[in-house]
Each structure stands twice: as C-alpha cells, then as structure tokens.
Amino acid sequence: MATLLITGGAGFIGSHTCLVLLEAGHNLVVLDNFSNSSPEALRRVASLAELPPATQQQRLRVIQGDIRQPADLQQAFTAASIDAVIHFAGLKAVGESVQHPLRYWDVNVAGSRQLLAAMQVAGCRTLVFSSSATLYGYPDQVPIPETAPVQPINPYGHSKAAVERLLADLAASEPGWRIASLRYFNPVGAHPSGRIGEDPNGIPNNLFPFITQVAVGRRQQLQVFGSDWPTSDGTGVRDYIHVMDLAEGHAAALTTLLGEPPQLLTLNLGSGQGHSVLEVVRALESASGRRVPYALVERRPGDAATTVADPTQASARLGWRTRRGLPEICRDGWAWQQANPEGYASAPPAG
Ligand code: NAD
Ligand code: WQD
C-alpha cells in the first residue's frame, strides 16, 4: 500500500485510475484545477470504491490547485508523505494546440517541470507519466514499437515529446529515479457501472464520445473523416483501449516501478488490435440498439490511415495486457452515455 499524488485525477483517465488504485488499497491525494473535469467525478469514485466515511479523508484527499503553482504543489506534498506520483494533468486537444501553442507549452511542459521540481524537493523519485501515441506522428511501421521514431506533427505532440526528453535527462542526472512514460493509444469506454466516464466540453473532437452522443440523440450525425484511406473499408483504423484496461496498466506500472531497481520505462499501452471507424459505428449500434447516422466526408488534416500499438513490451515488463475488446468498450461507454446524457452536468446539484 502506497500514498500517491494523482495530478489530473478528476479527468477521464485519472478518475478511472483513481478507482482502480483505491480498490488496490492505496491512499490518494488528487491535485486538479478542474479546468476540464468535475468534482462530481471524484465523489462518484469515492462512492464506487465504497470508502467508509470515517476513512474517506485519509484515502482520497482532493486539492483544487494547479500544477504550475508551487504553493499548490507544496500543499499536495505536505498533505501526506507521497511515495509516487501519477501525472495526468495536462491539455490534450490537438486542434486547440495548433491555435494556442503557448498554452500547451505552459501547462504540459512548464507544469510538468514545476511538478518535477516539487518532487525533487519532497524527495519523491517515482513517477508515472501520461504520454501519447501522438508522438509517433505518421508512423513508418504498424504495429508501432516503442523504438519507432518520435516525430510528432502538432504542438500537443511536441509538448509530450519535450516532457519525455526532460524525464530522460532527469533520470540520467541522478540515480534513484523510477519513471514510466506510458504512451496511450486511443482511450475509450467507461467504468461498467456507467457512473464515471468521459465528459468532453462542447463538441467532442474524438470519435468515440461523438458516436455515443449521436446514439443518445445529442448530435444528429457523425462525419466520417475519409473513406479512401488504404484500410480494409477505407476509413481510419485505430487501437482503441478500454479505459479500465488503461487504468489497470497504471497500477501495473506502479507495481513494477516500486518493486524493481530504479529505471526509466517507456511503454506503449494499447491492445494491438485495430478497428476502423465503420467497425466502431456498427459495434456501438449493436451495443446500444440505436442507429448512428453518418456521412462520409473529406479526410481530416493531420490524420494517419492506421495507428496500432505493438504492446509486446508492456506485456513483458508489466505482466499486463488488455482484457476488454470493442464489444465491452461499446457496452460500457453506452451505459455511461445513456445514464448521463449531459455528462456530469446530468447529476442533480449537490446538497
Ligand atoms: P482530461 O482532460 O479528462 O484530464 C486531465 C485533467 O487534468 C482534468 O481533470 C483537468 O482538469 C486537469 N488539469 C488540466 N490542467 C491542469 C493544471 N494546470 N493543473 C491541475 N490540473 C489540471 O484528459 P484525459 O483524457 O484523462 O488525459 C489525461 C492525460 O493523458 C493527459 O495528460 C493527456 O494528454 C494524456 N493522454 C490522453 C489521451 C486521450 O485520448 N484521452 C491519449 C493519450 C494521452
Ligand atoms: C479516430 C478516428 C478519425 C472523429 C486523438 C489524438 C491523439 C490522442 C487520442 C491524446 C480517426 C476518425 C474522428 C469524427 C471521424 N490523444 N473520426 N469522425 O485522431 O486517433 O487521436 O486522440 O494524446 O493525440 O490525435 O482519435 O478519436 O479523434 O479519431 O471519422 O468526428 O476516427 O479520422 O480515423 P485520433 P480520434
């Protein structure tokens, strides 16, 4: 059992990971500024973990604060003696990063630097970092191994590459750092209870939340970006990973880091399976019993035809692999969307 600082723990991936970590017996301090999430997510995590009220304050402490603010970081590191940090906090919208690169270098890069400085002061040298398959840009080979070139094609990807570089420099500078950079492929789905899930602000940029919002009647139709890709049905192929598999991957990475000598691990977290846009549409239709109308439109700039992980290294180093496929992703993602058509805003006001 460890005490963990979870930055961005109220977000989509963070909230699911918090639940898995609480169920594994860890104590958590969450630092989140709620710029892209709701405190309601963490209330539901506490309820799903069935934390007795008397232990709740010790098991799941929530600090509203910003990773760029040294005082907020100090508050987090003095709330408890932190054994390890899982660092989710950041901005993640590719299009926004092209429009506002300074925001991405500020939150993702300068924020991470600030966090690492606070870890040094606190004497905490164990970190799991949210990296991304976006680092591979237009991949030269598929499935993509971790040895593939890092060649991001947008400011969001550049910011993740910069943090990976910084982590490698830090690990080389002094012994004792235990770091895992986890390169996620396409995280989707929700906890099977349907009580926590992905709650994007405004019009979703990503395929899966867009499709579930069409199925629930919030949006009229899906635009399929490109039907002339060199894939089986002409639509883009991605490696969709159930967010619960991803959450379990973080728990496995933590166990490996804490149980082995100091090291820097860089691992793909994906299923190794690719699915086309139209396959996802059909799977969601089948899980929901609803139709998902769509129109075939032009390709979206910056998209690759196919990105699929080679997950061999994660399996070898973490003893982890995905256990849930597209049917479970659609079943659980639909359960969340149907029970919360407006996301966390569907919840009755607290009190
Ligand atoms: P999310 O937006 O749901 O979660 C990020 C959380 O960080 C939010 O709760 C937000 O309020 C918080 N946050 C943002 N800026 C902050 C700041 N300055 N200080 C404190 N908290 C802050 O995103 P997510 O999908 O859960 O992604 C988590 C991490 O995984 C991100 O770093 C993202 O780049 C990375 N990632 C996500 C995906 C994906 O497709 N979802 C893929 C690869 C990597
Ligand atoms: C998947 C497929 C689209 C929307 C993005 C980021 C990446 C990572 C994960 C953080 C593609 C098609 C999509 C729509 C569509 N995030 N599509 N209609 O682009 O693989 O990855 O999220 O690190 O950095 O770039 O995911 O869900 O946007 O697209 O046809 O309305 O669905 O063209 O083939 P992507 P996505």
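Note that ligands are numbered from 1 as they come in the structure, with each ligand's atoms numbered from 1 the same way. All values below come from the heavy atoms of this structure, side chains included, with hydrogens, waters and symmetry mates left out. None of these values were measured; they are calculated from a predicted model.
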Worksheet item: Under 4.0 Å from any heavy atom of Tyr156, which atoms of ligand 1 are there?
Response: 33 (C), 34 (O), 35 (C), 36 (N), 44 (C)
Item to complete: Could you see which bit of Phe34 sits under 4.0 Å from ligand 1, with heavy atoms only: side chain, backbone, both or neither?
Response: backbone
Worksheet entry | Sidechain N-carboxylate O distance under 4.0 Å for Glu285, Arg290 | no
Worksheet item: Based purely on interatomic distance, does Pro187 place a nitrogen or oxygen under 3.5 Å from a nitrogen or oxygen of ligand 2?
Response: no
Discussion item. Does Gln74 have more than 12 heavy atoms from other residues, nucleotides or ligands lying within 6.0 Å of its CD?
Written reply: no
Worksheet item: Can you get from Leu257 to Phe88 by hopping between Ile, Leu, Val, Met, Phe, Trp and Tyr side chains that sit under 4.5 Å apart?
Response: yes
Worksheet entry | Test of proximity, Ser132 against ligand 1: N or O pairs below 3.5 Å | no
Practice prompt. Would you mind listing which atoms of ligand 2 come within a distance below 4.0 Å of any non-hydrogen atom of Val224?
Written response: 30 (O)
Worksheet item: Under a 4.0 Å N-O cut-off, is there an ion pair linking Asp228 with Arg299?
Response: yes
Item to complete: Determine whether any heavy atom of Tyr156 lies closer than 4.0 Å to an atom of ligand 2.
Response: yes
Worksheet entry | salt_bridge(Glu40, Arg43) N-O dist < 4.0 Å | yes
Item to complete: Report the nearest protein non-hydrogen atom to atom 28 (C) of ligand 1: residue, atom name, distance rounded to 0.1 Å.
Response: Phe88 O, 3.5 Å
Discussion item. Side chain, backbone, both or neither: which applies to Lys160 and ligand 1 if a contact is any heavy-atom pair less than 4.0 Å apart?
Written reply: side chain
Fill in: ligand 1 versus His87: contacting region, heavy-atom distance under 4.0 Å
neither
Item to complete: Salt-bridge test for Arg300 and Asp303: reply yes if a basic N is under 4.0 Å from a carboxylate O, no otherwise.
Response: yes
Worksheet item: For the side-chain contact (heavy atoms from CB on, under 4.5 Å) test, which of Leu115, Ile63, Val30 pairs with Leu5?
Response: Leu115
Worksheet entry | Tyr294 OH: over 12 foreign heavy atoms closer than 6.0 Å | no
Discussion item. Can you confirm, on distance only, whether ligand 2 has an N/O atom lying under 3.5 Å from any N/O atom belonging to Leu222?
Written reply: no
Item to complete: Please state which part of Arg299 comes within less than 4.0 Å of ligand 2, counting heavy atoms only: side chain, backbone, both or neither.
Response: neither
Worksheet item: N/O of Ile13 under 3.5 Å from N/O of ligand 1, yes or no?
Response: yes
Item to complete: Report yes if some N/O of Ala10 lies less than 3.5 Å from some N/O of ligand 1; otherwise report no.
Response: no
Discussion item. Using the rule side-chain contact (heavy atoms from CB on, under 4.5 Å), only one of Leu166, Leu167, Ile86 pairs with Phe129; which is it?
Written reply: Leu167
Discussion item. Show the atoms of ligand 1 that are less than 4.0 angstrom away from any heavy atom in Val107.
Written reply: 15 (N), 18 (N)
Worksheet item: Within less than 4.0 angstrom of ligand 2, does Tyr294 place any heavy atom?
Response: no
Worksheet item: Does the distance from a Lys or Arg side-chain N to an Asp or Glu carboxylate O, for Glu248 and Arg323, drop under 4.0 Å?
Response: yes
Discussion item. Check contact between Gly111 and ligand 1, using heavy atoms of the residue and a distance below 4.0 angstrom.
Written reply: no
Item to complete: Flag Phe185 as yes when one of its N or O atoms lies below 3.5 Å from any N or O atom of ligand 1, and as no otherwise.
Response: no
Practice prompt. Do me a favour and list the nearest non-hydrogen protein atom to atom 40 (O) of ligand 1 with residue, atom name and distance?
Written response: Pro187 CD, 3.3 Å
Worksheet, complete the sentence: Looking only at protein heavy atoms, what sits closest to atom 4 (O) of ligand 1 is Gly11 CA, 3.4 Å
Worksheet item: Taking the six-membered ring for Trp, are Trp336 and Tyr344 ring centroids under 6.0 Å apart?
Response: yes
Worksheet item: Of all the non-hydrogen atoms in the protein, which one sits nearest to atom 12 (C) of ligand 1, and at what distance?
Response: Asp32 OD1, 3.3 Å
Fill in: Polar proximity ligand 1 side, Tyr184 side, N/O cut 3.5 Å exclusive
no
Worksheet item: Any nitrogen or oxygen of Leu31, main chain or side chain, under 3.5 Å from a nitrogen or oxygen of ligand 1?
Response: no
Discussion item. Show me which atoms of ligand 1 lie under 4.0 Å from any heavy atom of Gly65.
Written reply: 19 (N), 20 (C)
Worksheet item: Under 6.0 Å between the ring centres of His100 and Tyr104?
Response: no
Response to the item:
From the list Glu164, His87, Arg183, side chain to side chain donor-acceptor pair (under 3.5 Å) partner of Ser131 resolves to Glu164
Worksheet entry | ILVMFWY network linking Phe34 to Val45, side-chain heavy atoms under 4.5 angstrom | yes
Discussion item. Can you tell me if Thr7 contacts ligand 1 (heavy atom of the residue under 4.0 Å from the ligand)?
Written reply: no
Practice prompt. Specify side chain, backbone, both or neither for Val94, according to which of its non-hydrogen atoms lie closer than 4.0 Å to ligand 2.
Written response: side chain
Worksheet item: Is Asp303 close to ligand 2, meaning an N/O of one under 3.5 Å from an N/O of the other?
Response: yes
Worksheet, complete the sentence: Taking only non-hydrogen atoms of Tyr240 and a 4.0 Å limit, the atoms of ligand 2 in range are 1 (C), 2 (C)
Response to the item:
Contact region, Asn206 to ligand 2, non-hydrogen atoms below 4.0 Å, reads both
Discussion item. Regarding atom 26 (O) of ligand 2: of the candidates Asn186, Thr134, Asn154, which has the closest heavy atom?
Written reply: Asn186
Discussion item. With a cutoff of 4.0 Å, is Ser131 in contact with ligand 1, counting heavy atoms of the residue only?
Written reply: yes
